[in-house]
Amino acid sequence: SLSWVSASANSHDDFLECLCSYHPKESSSITQVIYTETNSSYSAVLDSSIRNQRFSTPNTPKPLVIVTPLNISHVQATIHCSKKHGLQIRTRSGGYDFEGLSYVSHVPFVVIDLVNLRSVDVDVENEEAWVQSGATVGEVYYRINERSTNLTFPAAVGRTVGIGGSISGGGDGLLFRKYGLSADNVIDAQLVDANGRVLDRRSMGEDLFWAIRGGGGGSFGIVISWKIKLVHVPSTVTVFSVGRTLEQNATQLLHRWQYVAPNLPNDVYSVVTISTTNASENRTKTVLATFISLFQGGANDFIPLMQERFPELGLVKEDFIEMTWIESLLLLNGASNETSEILLDRSNRYSILPPSFKSKSDYVRKPMPEIALQGLWPQLLEVDEGGIGVHYFIAYGGIMEEISETETPFPHRKGTLYKIYYNIGWLEEESNNSQRYISWMRKLYSYMGPFVSKSPREVYLNYRDLDIGRNNYYGKTSYKQASIGGRKYFKNKFDRLVYVKTKTDPKNFFKHEQSIPPRLH
């Protein structure tokens, strides 16, 4: 609207003036990290970690200002001046918010991009590290491995995912069945709150420390860094990846997998990717299920285990490949021909995600009947050539069964067999058809309703999905309205998160479409 444009022009100048006068001595350093639309680097900085082109169109609202802080005082200045001049803040670490909420807003806003705050300080002796939120998962893996090949951190699979956002939503990954989520392995944090105070675990108190480890980013403050507990990996790990089409009994194998995978030892990470392919015989399209597992140990232990637990899969000795932990990360990132330096590359090269996409998630507590899986295939096969549908069934179980549901806000623990991550993507030239693919995804999600968790139907916060509910931007969000989506993400933890929010940020300065609302008195 025009009123936004004229209002924002004024607030934009006042805001910049405010930033420079916040720390007059530092004004020269802060001017180096401020980007406005008149700045030639503005677009490059904004686009640098937009991971979903759906939110990079000419119609996507752009921030008035991007700040890439070099230190905490730059973050404090940005919070202070945004508050003073009525601008909203969006904070971005890796840019993987599936709905673009870390860099898009429909009211005048500023992006704090943490790209310069990405140090990883490893203390091998005490098996801990301080990691800044702007680091990617790949950078964290690389820096720890540089110091010790037998230590790592249980984090996400994708190397360019930001560690800050990932921990904020829980963070499951290759080692979570053995060591828990990323958030379960955080022992301290440094956060800047809505009043610009810098808090650590002791000064923020256990309620807020609980909330930031899984309660989602953008609700409670800006976490600058996390103190993480490192965990052990052996010198040799073993991987297999075998594909089976419908003609090779994929349906029966996936059905059986539901009973086997969640009960495998904690040392196994197991995922099945479901995609479509051309069957070689007659070039007709068919569904391909690729069974992938990573085992913390050697093939001599893994082969007999899989032959005993899942003989139906027909694995042979040649399917099992031994490698180092870091090589397994490269392999699962589709970059097995690269050296480990690729983990430091923040670009979208080798991304498993298509340029534009829509995602959803589910948690499954009872195995799906075979007939339900059979009903799924025709839907996957109806996606036209321009669409790329890949879905992931990720086994839970292991230590996730033992960690108490109240430990962090992340509620998907005991009794969860597996998580489903649905993804439909399309190429740039298909963007006119994006609505068609999004509708297809909603139809698929609706088909799956009877077979997944219920009351509430659970979803994974880090696979953000605005279809499940959004806060009202312009007026006051009603608690009831926010709690519909909130309970799907957090189940019965939502009320405690609201309590922490009300105590920490009662005026709701940190907010977005799915942030935790304060209770209005």
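Within a 6.0 Å sphere centred on CD of E338, heavy atoms belonging to other residues, nucleotides or ligands number more than 12. The environment of E402 atom CD is dense: over 12 non-hydrogen atoms of other residues, nucleotides or ligands sit within 6.0 angstrom. The neighbour count for Y421 OH, taken as heavy atoms of other residues, nucleotides or ligands under 6.0 Å away, is above 12.
Counting only heavy atoms from C-beta outward, the side chains of V33 and H74 approach each other to under 4.5 Å. Taking the side chain as every heavy atom from C-beta outward, Y103 and P63 never approach each other to under 4.5 Å. Counting heavy atoms from C-beta outward, T31 and L16 have side chains that stay 4.5 Å or more apart. Taking 4.5 Å as the limit, every side-chain heavy atom of K360 sits out of range of all side-chain heavy atoms of V459. Residues D465 and S359 have side chains not in contact (no heavy-atom distance under 4.5 Å, counting atoms from C-beta outward).
With values rounded to the nearest 0.5 angstrom, I292 atom CD1 is found 6.5 Å from L332 atom CG. Note: I79 CD1 to L87 CG = 13.0 Å, rounded to the nearest 0.5 Å. Rounded to the nearest 0.5 angstrom, K227 NZ and I187 CD1 are separated by 5.0 Å. Taking CD1 of I212 as the start and CZ of F209 as the end, the distance is 6.0 Å to the nearest 0.5 Å. Of the inter-residue distances, the one linking L64 atom CG with Q88 atom CD reads 11.5 Å to the nearest 0.5 angstrom. In this structure, R177 CZ and E401 CD are separated by 9.0 Å, a value rounded to the nearest 0.5 Å.
Residue F55 comes nearest to V104 through the heavy atom pair CB-CG2, 4.1 Å, listed as atom of the first residue, atom of the second, then distance. Here the shortest heavy-atom pairing between S105 and P61 reads O-CB, 3.1 Å. Contact record, P518 with V498: C-CG1, 4.4 Å, taken as the closest heavy-atom pair. A pairwise comparison of heavy atoms in M400 and L181 identifies CE-CD2, 3.7 Å as the closest pair. Heavy atoms only, all atoms of each residue included: G180 and P154 are closest at O-CB, 3.7 Å. The two residues H512 and G218 have their closest heavy-atom pair at CD2-O, 3.6 Å.
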Assess whether side-chain contact (heavy atoms from CB on, under 4.5 Å) is satisfied between N195 and K83, documenting all intermediate values. CA-CA 9 Å; N195 296 317; K83 225 160 133 181; 3.2 Å; yes

Passes side-chain contact (heavy atoms from CB on, under 4.5 Å), E139 versus I163? Steps please. CA-CA 9 Å; E139 288 170 329; I163 197 76; over 6 Å; no

Test D193 against L199 for side-chain contact (heavy atoms from CB on, under 4.5 Å), laying out the working first. CA-CA 8 Å; D193 74 2; L199 306 172; 3.9 Å; yes

Where do M204 and R197 land on the side-chain contact (heavy atoms from CB on, under 4.5 Å) test, with the steps shown first? CA-CA 10 Å; M204 75 176 75; R197 292 178 306 178; over 6 Å; no

For the pair T408 and R413, evaluate side chain to side chain donor-acceptor pair (under 3.5 Å) and give the outcome as yes or no after the intermediate values. CA-CA 11 Å; T408 70; R413 303 214 188 239; 3.0 Å; yes

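Electrostatic pairing of D188 and K229 does not count as a salt bridge here, judged by no charged N lying under 4.0 Å from a carboxylate O. Salt bridge annotation for K358-E99: present, with a cationic side-chain nitrogen under 4.0 angstrom from a carboxylate oxygen. Ionic pairing of K62 and E37 is not present here: no N-O contact between side-chain nitrogen and carboxylate oxygen is shorter than 4.0 angstrom. The pair E405-K493 counts as a salt bridge, with a side-chain nitrogen and a carboxylate oxygen less than 4.0 angstrom apart.
At distances below 3.5 Å, not a single donor-acceptor pair connects side-chain atoms of S41 with backbone N or O atoms of A44. Using a distance-only test at 3.5 Å, with no hydrogens or angles considered, no donor-acceptor pair links the side chain of D362 to the main chain of V452.
Residues Y179 and F153 place their aromatic rings such that the two centres sit no closer than 6.0 Å. Between Y396 and H412, the ring center distance fails the sub-6.0 Å criterion. Note: F393 and H391 fail the aromatic proximity criterion, with ring centroids not under 6.0 Å apart.
Exactly one of R92, R90, R346 qualifies for a salt bridge (charged side-chain N to carboxylate O under 4.0 Å, His left out) with D113. That residue is R92. Test Y392, F98, F357, Y489 against Y463 for ring pair (Phe, Tyr, Trp, His ring centres under 6.0 Å) and you get one pass: F98.
Side-chain N/O atoms of K501 and N508 include a donor and acceptor closer than 3.5 Å. Judged by distance alone, the side chains of T160 and Y96 do bring a donor and an acceptor atom under 3.5 Å apart. Remark: the T36 side chain and the N39 side chain contain no N/O donor-acceptor pair separated by less than 3.5 Å. Looking only at atom types and distance, the side chain of Q296 has no donor-acceptor partner in the side chain of H232 under 3.5 Å away.
For the pair R457 and Y445, the distance from NZ or CZ to the six-membered ring centre is under 6.0 Å and the angle to the ring normal is within 45 degrees. For the pair R365 and Y363, the cation-pi test (distance below 6.0 Å, angle within 45°) is failed.
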